[in-house]
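Presented below is the structure to which this report refers.
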Amino acid sequence: MDWIMNNMPIISLVLGVALLLFLNMKVKLNSVLALIISAILVGLLNGMQLTAIIDTIKAGLGSTLGSLALIIGFGAVLGKLMVDSGAAQRIASTLLNKFGVKNVQWALIIVGAIFGISVFYEVAFIILAPLLISIAIEAKVPYMKLGITMVAATTLSHSLFPPQPGPTALVEAYGADMGMVYMLGIVVFIPAVIAAGIILPRLMKNLDRPVPPLLEKPKEFTDDEMPGFATSVIIPLIPAIMISAATIINMFIDEGTFFHDLINFLGSAETSLLLAVLIAVYVFGLRRGRTMNEVMDSFSGAIKGIAMIIFIVGAGGAFKEIILDSGVGDYIAGMMENTVVSPLIMAWFITALIRIATGTGVVSAITAAGIVGPLITTFDVNPVLMVLATAAGSNTITHVNDASFWLFKEYFNLSIKDTFKTWGLLLFTTSIVGLGIVLLLDLLFF
């Protein structure tokens, strides 16, 4: 009994995650309810008072949504405006035409990376999948070979780079510099996506499959209907450009000055996304001949589409806060004090376990940050590398509790076994190689 009580923090976490998995997979309960119920269980097992549990849940939900709700909402709106204006189609078709059939995989990496940063993964997949199948048919290349490349780039950039909710939450949790996350994230992205998107398809067998039944295609725009290529690319990348520029400028200016405040105001994720959305409203909407009412319909549709995602992210923040307040994070930090295991590996491993258990990348990232966050002070570890290690863990192999797993399976008309061999293996490759690059960066430069 003494052993159980002494180790209750870790036992409660295991039971909480197990309950979360059970409620998701067996009971088919919505993730919001499953996360809140699991959070209550962890709090109760650690002796928290009932009112304290409720206060902690509210604090965790409020603080998480306070930093992420605008980012998630503006990101969804930007993606919707790109789709509805033809900007998304312009980016994809232009790059693929320029690269040609032989280098089509490299084009898909660029397209996937852009869409992974600027829109939600499911949106990017639905936009790109019909296009890559059409290209595969024309080029007489197995569509799955191109599909693996596209998904590897899209999922990895979605997991690594702000303003997507997962990496943005990690930047907040670890106190990392967002601009440096972009810069070092590119260093992690390139070898990981080459390994999973270029090398892996060449090593895999039995990728030549019958063309699957296509889902409903998005509107096909004519050349005159679409905005220009440069415009279509620059506008969704405005947040990344502004955030990175602010980081660089901060190296040369003094804190406490008006110029410093202005640069960091403009270089925040919220302000840069707001600016990108306002520009997109005009360039992708009004200037293309759409009325303000039509543009605002796209705005409303985007917000409606991600309402559940916002609630799930908030519930994940509540679960994280319970973990913090119940002492689970401190307990694990104490266990790690005399260990030789790198906190970067620990962050990756815990995140990967939670991603496998919950099927949700954002939830696994936020929850793991709550668990391993105390390790930042316990160990001399760079917060940016902790963000990237955790992000790599959130992009690991998933299974039937992940909506993206089913999207990949059903669209490409695969069996569950073959989905594990393709979807599962490509994610696992990006995750392992990503962690390896982070550890190498830590060894060489930090």
Side-chain angles (χ1 to χ4, degrees), residues 7 9-21 38 42 155-156 159-160 166-167 169-171 173-174 176 181 184-185 188 191-192 195-196 316 319-320 323-324 326-399 401-402 405 420 424-443 446:
N7 294 279
I10 194 68
I11 293 173
S12 69
L13 178 61
V14 171
L15 292 176
V17 173
L19 177 62
L20 181 59
L21 181 59
S38 300
V42 173
T155 57
L156 187 58
S159 299
L160 286 177
L170 293 177
V171 169
Y174 292 136
V181 170
L184 293 182
V188 173
F319 192 27
K320 176 206 72 174
I323 289 171
L324 287 173
S326 63
V328 175
D330 291 335
Y331 176 85
I332 293 177
M335 290 176 57
M336 292 285 292
E337 284 182 354
N338 299 316
T339 185
V340 295
V341 177
S342 165
L344 297 170
I345 295 176
M346 181 62 69
W348 177 89
F349 182 70
I350 292 174
T351 312
L353 285 180
I354 297 173
R355 175 68 197 271
I356 293 169
T358 66
T360 307
V362 176
V363 170
S364 68
I366 294 174
T367 306
I371 296 173
V372 301
L375 300 182
I376 290 287
T377 55
T378 304
F379 294 89
D380 182 20
V381 59
N382 187 282
V384 174
L385 295 185
M386 285 290 282
V387 169
L388 297 176
T390 308
S394 73
N395 197 52
T396 194
I397 185 172
T398 64
H399 55 95
N401 61 347
D402 181 8
F405 175 96
F420 274 115
L425 189 56
L426 77 88
L427 284 186
F428 188 67
T429 301
T430 60
S431 187
I432 290 292
V433 175
L435 174 63
I437 299 300
V438 170
L439 294 175
L440 188 62
L441 287 171
D442 184 49
L443 181 65
F446 296 98

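Numbering starts at 1 and runs along the sequence shown.
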- Do you know which two heavy atoms are closest between A347 and M386, and how far apart they sit? CB-CE, 4.1 Å

- Message: On a heavy-atom basis, which atom in V387 and which in A176 lie closest, and how many Å separate them?
- Response: CG2-CB, 3.7 Å

- Do P343 and V381 come within less than 4.5 Å of each other through their side chains, counting heavy atoms only? yes

- Candidate list L156, V188, L425, test side-chain contact (heavy atoms from CB on, under 4.5 Å), partner T430, passing option: L156

- Pairwise distance OG1(T390) to CG(L385) - rounded to 0.5 angstrom: 10.5 Å

- Query: Considering only heavy atoms from C-beta outward, does the side chain of D442 approach that of L344 to under 4.5 Å?
  - Reply: yes

- Task: Grab the two heavy atoms, one from V42 and one from G16, that are nearest each other, plus how far apart they are.
- Result: CG2-CA, 3.9 Å

- Minimal heavy-atom distance between S342 and L439, with the atoms involved, is OG-CD2, 4.1 Å

- Query: Between A369 and A173, which heavy-atom pair has the shortest distance, and what is it?
  - Reply: CB-CB, 3.6 Å

- Spacing of S394 atom OG and I350 atom CD1 [to the nearest 0.5 Å]: 13.5 Å

- Query: Could you state the interatomic distance from OG1 (T429) to CG (N395), rounded to the nearest 0.5 Å?
  - Reply: 10.5 Å

- Message: Using a 3.5 Å distance criterion without hydrogens, assess whether the side chain of S431 forms a donor-acceptor pair with backbone atoms of F428.
- Response: no

- Give, for atom CD1 of I432 and atom CD1 of I397, the distance between the pair rounded to the nearest 0.5 Å. 10.5 Å

- Rounded to the nearest 0.5 Å, how far apart are CG of L435 and CG of L440? 11.0 Å

- Message: Less than 4.5 Å apart, side chain to side chain, heavy atoms only: is that true for F319 and L20?
- Response: yes

- Message: Would you compute the distance between atom OG1 of T396 and atom CZ of F349 and round it to the nearest 0.5 angstrom?
- Response: 10.5 Å

